[in-house]
Amino acid sequence: MSLSILLVGLCVPLSWAAVTHVSGEDEPPFPVATNGQPFPWNKMRLPQAASPRHYDLLLHPNLTTLDFTGRVKIQVEVLQDTHTLVLHSKDLTISKAALLGPAPGHSHALRVLEYPPYQQVAVVSEREELKRGGVYVVELDFAANLSESFRGFYKSTYRTTAGEQRVLASTHFEPTSARAAFPCFDEPAFKANFSVRIRREGRHMAISNMPKLRTVVLPGGLFEDQFDVTVKMSTYLVAFIVCDFLSISKKTQHGVQIRVLNMKYSVILFYFFSFCQCDCGQMSVYAIPEKISQAEFALDVAVRLLDFYDDYFDIPYPLPKQDLAAIPDFQSGAMENWGLTTYRESALLFDPHKSSASDKLGITMIIAHELAHQWFGNLVTMQWWNDLWLNEGFAKFMEFVSVNITNPELQVEDYFLEKCFEAMEVDSLSSSHPVSTPVENPAQIQEMFDDVSYDKGACILHMLREFLSPEVFKMGIVQYLKRYSYQNTINTHLWESLTTKRRSEDELDVKVMMETWTLQEGFPLITVEVKGREVRLSQERYLKSDDPSQTSGFLWHVPLTYVTSISRTVHRFLLKSKTDVLYLPKEVDWIKFNVDMSGYYIVHYEGSGWDDLTSLLRHNHTALSSNDRASLINNAFQLVSPGPVALPEPRDRDHARDAGPRGNLCHSTRLMEKRDMEALENQMKSYIVHLFRELIERQEWSDAGSVSERMLRSYLLLFACVRGHPPCVATATELFNKWRESDGSMSLPNDVSLAVFAVGARTQEGWDFLFEKYRESMYTSIKSRIKSALSISPLAHKLKWMMEQSLEGSVMKTQDLPYVVVSVSKNPKGHKHAWDFLQTYWNLLVKKFDLGSHSIAHMVIGVTSQYSTREMLEECCGSFWKLVLYSQGNVRGKQDELCISVHFVCQIREFFGSLSAETGADQRCIQQALENVEENIRWTDKNLPLLQAWLNKNHAELVTRHDLYEHAEL
């Protein structure tokens with residue numbers, strides 16, 4: 001994608017301007033088209049003069065020359081008299097434009113004007129005016145190269161076990177890339193029907209949103225697959241793939257037909273199916289031939305989930321088939337194209353003998369997300385990208401609702417809390433944004449695909465569901481889906497559907513309540529003070545920043561829940577003002593707000609409140625649920641930053657061990673990611689190994705147990721091995737040596753293999769052996785674990801080579817580069833190299849992954865998150881060159897380390913400050929990265945002395961290092 005191109009903008013309807021319109025003083029001037037003539041439109045949102053009804057789209061990709069040609073006939077309804085239609089086109093060469101007459105053969109040419117900065121073309125009818133109420137057909141011929149990025153109509157490749165490279169072409173249009181495949185009205189509100197035809201060679205097949213109706217034989221050994229007309233939908237949901245995939249199929253309980261298609265055995269069999277068989281009423285999973293055996297799990301999961309959604313929403317799945325395709329090159333996790341959902345291979349393919357418990361959970365959740373979109377997003381679509389959360393927040397929320405029913409063994413309720421914690425990490429920054437945010441250009445639209453839209457959206461929906469009751473909430477969303485099927489919506493439509501009479505006939509105005517959560521950023525800190533029977537409540541915005549001016553002016557309607565020492569019944573109270581008082585029937589020993597952390601807020605207890613809860617848990621740590629214990633730990637650590645709570649002593653957390661890794665290790669390891677305090681980091685990590693030593697040593701090196709137990713085992717053993725815990729390293733070394741002696745044929749327990757690989761990757765010989773197994777493997781789960789182990793190796797030169805290989809993309813896929821860079825940046829031996837890599841290849845990265853994308857944000861925030869010393873930030877400008885001289889001389893020890901650290905942070909400011917708008921200067925992730933560094937500084941200034949003193953007093957003997965990085969090559 002061209003970085004200078006803008007696409008679409010304001011979220012309010014725009015009026016149509018005639019070609020001769022003179023712009024007003026407050027409007028931007030009319031631009032100049034590529035041919036030097038005036039371009040008749042001056043806004044990034046398309047005019048409302050016409051609306052598409054139907055697209056007849058023909059595409060012919062050439063997988064040898066890596067380009068494609070096409071023709072589209074767009075039936076449009078004219079809403080205002082005009083000579084000009086404006087639509088989107090990006091990087092397409094338009095060779096012909098015509099207005100078709102009512103009779104065959106009657107047409108006249110249209111003049112084409114192009115304005116690439118807005119990705120727009122105008123077609124001008126000079127012979128006749130297009131009349132309001134008329135229906136016309138515009139025909140456009142075009143050509144382009146297959147994209148080298150992951151968007152639009154793009155090239156993907158894979159290698160067979162014999163080493164042959166094969167090419168396929170696939171699509172990814174969300175949010176604004178349909179225009180890169182064919183000229184169209186590429187905004188979500190311009191819904192239409194699509195008839196797709198694909199021309200291909202006989203060795204390939206084509207799939208699209210709808211079932212194939214027929215295949216027509218053409219001269220020159222070509223075939224044309226013709227697909228049924230789609231339902232009314234947005235352009236970003238159109239999809240087509242030309243490939244040599246195989247598929248397996250199955251029917252649902254609602255009578256969907258089973259079909260198994262295996263093209264591997266016979267070309268004649270493929271032709272038979274191509275000509276004679278329709279895809280009517282089936283669910284299929286597509287993958288490259290040598291991986292189709294890994295598709296069975298995804299198919300079974302998808303069948304169960306589609307049945308669940310059919311019943312839950314009380315709206316039958318509206319298409320005759322649903323395909324799931326594993327694409328070898330794919331930037332995001334998956335895409336919800338209607339009737340043809342596409343996935344990374346790692347997000348869809350599963351082998352019961354090679355994949356881990358984490359793989360099973362992740363694949364199931366991603367499929368649940370994309371199938372939920374078939375209703376939320378596809379059937380009912382947001383009006384504009386400012387309300388993306390109506391798609392993504394709901395799909396994320398429904399992941400947990402659906403999988404909790406269809407796959408109870410996965411215990412997904414244990415992981416929802418983590419999503420809320422992750423959202424709060426972003427939402428506690430001053431650079432956060434409201435769930436519903438005005439967006440204007442492509443980078444801003446891409447930035448909406450973040451934790452706020454997904455995770456915060458899901459968390460506030462969960463909060464509302466728990467407050468209204470699951471039954472009332474379900475009735476409301478079913479009403480919403482039925483009322484707005486095949487239409488576009490805004491926030492208000494959802495709130496109106498959910499507004500209902502509550503108990504005692506009191507009406508809850510859901511719109512008023514929920515707009516406080518969607519139209520302002522952040523979340524509240526609720527302060528609780530108990531005075532006898534009185535519970536005094538207050539709210540303010542929680543912000544990691546210590547600037548009080550940024551917390552004023554915020555007010556939420558907070559649906560509080562609480563339990564007390566005398567009543568385990570969940571009580572509810574709606575806090576609608578800055579302060580309020582609720583009255584208990586009698587005095588209590590303790591009170592716990594935000595039951596199971598169902599609300600998107602944190603709580604501070606004044607007076608004896610924290611001590612009362614701590615005393616309760618010391619006496620009986622199961623007196624509160626695991627979610628309540630985890631939320632208390634999270635709240636305590638969050639409150640350390642702005643100041644209300646002192647750093648909790650680690651021993652206060654002993655009884656919270658069974659809250660799982662989310663309640664302990666997640667927060668503890670964050671203390672250790674301040675890379676410039678190595679001694680304390682090692683001391684703290686050693687203490688945590690000591691704290692969990694009994695739990696670590698109880699772990700079996702097997703795949704036994706529940707999914708939660710298996711994932712905890714994987715986390716604990718990896719952590720212990722990386723920290724050099726002798727029993728863990730000894731076992732992992734023994735297993736790795738046996739596995740290597742068998743040339744990788746010995747079966748390792750999947751859940752512990754990452755720990756084994758991590759120990760093996762410490763040496764040059766072990767690293768090279770693992771990389772060779774990575775190159776050979778056809779199992780995505782094994783490749784993922786090997787890749788992780790390679791990235792945490794102490795071999796610095798290998799880390800640099802790994803990032804370069806991922807950018808090149810022939811062996812390690814470029815789609816995985818953001819993960820590799822961030823993983824290397826977290827490695828003490830790699831963080832400098834990751835930062836150098838990000839700077840060196842910045843222009844290539846933003847071209848490949850797009851400005852504003854989650855991939856770019858992930859790298860920017862991940863790579864810069866290691867810095868946490870005030871001297872580094874405040875003195876970099878005044879002392880930088882002095883310290884550089886120190887580093888070039890004979891000064892050693894701490895001065896050298898400080899000099900290098902100062903150099904890094906100064907580079908952060910200098911590098912991002914040197915960017916232009918076209919290369920990313922305005923990205924939100926840059927502000928978030930700088931805020932994170934500031935927060936690291938505040939946190940360490942306040943808590944480092946306390947933590948150091950406590951460790952020195954209680955666990956001074958644990959300073960000795962044993963970790964894998966001790967003898968690393970620099």
>> If we ignore hydrogens and angles and just use 3.5 Å, is the side chain of Ser631 paired with the main-chain N or O of Asp628 as donor and acceptor?
In response: yes

> Is it true that a side-chain atom of Asn407 and a backbone atom of Glu409 form a donor plus acceptor pair closer than 3.5 Å?
Replying inline: no

> Just by distance, with hydrogens left out, do Glu521 and His433 show a side-chain donor and acceptor under 3.5 Å apart?
Replying inline: no

> Which heavy atom of Arg568 sits nearest a heavy atom of Val563, and at what distance?
Replying inline: O-CG1, 3.6 Å

> What closest approach, in Å, do Lys544 and Glu425 show between heavy atoms, and which atom pair accounts for it?
Replying inline: NZ-OE1, 2.9 Å

> Is Glu606 atom CD crowded by more than 12 heavy atoms from other residues, nucleotides or ligands, each under 6.0 Å away?
Replying inline: yes

>> side-chain contact (heavy atoms from CB on, under 4.5 Å) for Arg723 and Ile688? Distances and angles first, verdict last.
In response: CA-CA 10 Å; Arg723 289 308 306 164; Ile688 293 177; over 6 Å; no

> Which heavy-atom pair separates His557 from Pro559 by the least distance, and what is that distance?
Replying inline: O-CD, 3.4 Å

> Just wondering, do Glu540 and Trp556 contact through their side chains at under 4.5 Å, heavy atoms?
Replying inline: no

>> Rounded to the nearest 0.5 Å, what separates atom CD1 in Ile861 from atom CD in Gln928?
In response: 4.0 Å

>> Could you check whether any side-chain N or O of Ser615 sits under 3.5 Å from a backbone N or O of Asp612, counting only pairs where one atom can act as donor and the other as acceptor?
In response: no

> Hey, is the main chain of Ser431 close enough, under 3.5 Å, to the side chain of Glu931 for a donor-acceptor pair?
Replying inline: yes

>> With rounding to the nearest 0.5 angstrom, report the CG to CZ distance, Asn634 to Phe421.
In response: 4.0 Å

>> Looking only at the side chains, is there a donor atom on one of His604 and Trp610 sitting less than 3.5 Å from an acceptor on the other?
In response: yes

> Do Met513 and Val510 come close enough that some side-chain heavy atom pair is under 4.5 Å?
Replying inline: no

>> Using the rule given for side-chain contact (heavy atoms from CB on, under 4.5 Å), can you reason through Asn627 versus Met597, listing the C-alpha separation, both sets of side-chain angles and the distance that settles it, and then say yes or no?
In response: CA-CA 7 Å; Asn627 275 9; Met597 201 175 163; 5.6 Å; no

> In terms of ring plane angle, is the pair Phe397 and Phe394 parallel, tilted or perpendicular, where the classes change at 30° and 60°?
Replying inline: perpendicular

> Quick one: do the His571 and Ser567 side chains pair a donor with an acceptor below 3.5 Å?
Replying inline: yes

> Does a side-chain heavy-atom distance below 4.5 Å link Leu519 with Pro434?
Replying inline: no

> Can you name the residues that form a side-chain contact (heavy atoms from CB on, under 4.5 Å) with Gln699, not counting sequence neighbours?
Replying inline: Leu695, Arg713, Leu716, Leu717

> Can you check whether His462's main-chain N or O pairs, donor with acceptor, with Glu466's side chain at less than 3.5 Å?
Replying inline: no

> What is the distance from atom NE2 of His621 to atom OG of Ser626, rounded to the nearest 0.5 Å?
Replying inline: 10.0 Å

>> If we count only N and O atoms by modelled type, under 3.5 Å, do the side chains of Gln683 and Asn952 hold a donor and an acceptor together?
In response: yes

> Can you list the residues that meet the salt bridge (Lys or Arg N to Asp or Glu O under 4.0 Å) rule with Asp451, with sequence neighbours excluded?
Replying inline: none

> Will you find, in the side chains of Gln411 and Ser708, an N or O donor that is under 3.5 Å from an N or O acceptor?
Replying inline: yes

>> Whether the side chain of Ser825 engages the backbone of Val822 through a donor-acceptor N/O pair (distance < 3.5 Å, no angle test) should be reported.
In response: yes

> Just wondering, more than 12 heavy atoms not from Lys578 lying within 6.0 Å of its NZ?
Replying inline: yes

>> Is a donor from one side chain sitting under 3.5 angstrom from an acceptor on the other, for Ser598 and Asp596?
In response: no

> Can you name the side-chain contact (heavy atoms from CB on, under 4.5 Å) partners of Lys511, sequence neighbours left out?
Replying inline: Thr492, Trp495, Asp509, Glu515

>> Quick test of your reading of the model: are Glu471 and Lys474 salt-bridged, counting only N-O distances below 4.0 Å?
In response: no

> Would you call Glu694-Arg698 a salt bridge at under 4.0 Å N-O?
Replying inline: yes

> Distance-only, no hydrogens or angles: does the Asn594 side chain make a donor-acceptor pair with backbone N or O of Gly599 under 3.5 Å?
Replying inline: yes

>> Could you work out, with side-chain hydrogen bond (donor to acceptor under 3.5 Å, both in side chains) as the rule, every residue matching Glu534, not counting sequence neighbours?
In response: Arg536

>> Tell me whether the rings of Tyr600 and Phe523 are parallel (<30°), tilted (30 to 60°) or perpendicular (>60°).
In response: perpendicular

>> So which atom in Cys459 and which in Phe416 form the shortest heavy-atom distance, rounded to 0.1 Å?
In response: CA-CZ, 3.9 Å

> Who are the side-chain hydrogen bond (donor to acceptor under 3.5 Å, both in side chains) partners of Trp389, not counting sequence neighbours?
Replying inline: Asn491

>> I'd like to know if the side chain of Tyr605 reaches the main chain of Leu613, judged simply by a donor and an acceptor atom lying under 3.5 Å from each other, with no hydrogens or angles considered.
In response: no

>> If the condition is salt bridge (Lys or Arg N to Asp or Glu O under 4.0 Å), which residues does Asp427 pass it with, not counting sequence neighbours?
In response: Lys456

>> Just verifying a value: how many Å separate Ser436 OG and Leu390 CG, rounded to the nearest 0.5 Å?
In response: 7.5 Å

> Is a side-chain N or O of Glu447 found less than 3.5 angstrom from the main chain of Arg924, in a donor-acceptor match?
Replying inline: yes

> Is there a side-chain contact between Lys826 and His831 (heavy atoms, below 4.5 Å)?
Replying inline: no

> Who are the side-chain hydrogen bond (donor to acceptor under 3.5 Å, both in side chains) partners of Arg710, not counting sequence neighbours?
Replying inline: Asp751

>> Ala929: which residues meet the side-chain contact (heavy atoms from CB on, under 4.5 Å) condition with it, sequence neighbours left out?
In response: Val860, Thr864

> Looking at residues at least two apart in the chain, or sitting in another chain, which of them share a ring pair (Phe, Tyr, Trp, His ring centres under 6.0 Å) with Tyr601?
Replying inline: none

> If you round to the nearest 0.5 Å, how far is OG1 of Thr499 from CG of Leu508?
Replying inline: 7.0 Å

> Do side-chain atoms of Ser469 reach the backbone of Val472 as a donor and acceptor pair under 3.5 angstrom?
Replying inline: yes

>> According to side-chain contact (heavy atoms from CB on, under 4.5 Å), who are the partners of Arg533, at least two apart in sequence or on a separate chain?
In response: Tyr583, Glu587

> Does Glu697 have any salt bridge (Lys or Arg N to Asp or Glu O under 4.0 Å) partners at least two apart in sequence or in another chain, and if so, which?
Replying inline: Arg693

>> According to side-chain hydrogen bond (donor to acceptor under 3.5 Å, both in side chains), who are the partners of Asn932, at least two apart in sequence or on a separate chain?
In response: none

> Which heavy-atom pair separates Lys396 from Asp455 by the least distance, and what is that distance?
Replying inline: CE-OD1, 3.6 Å

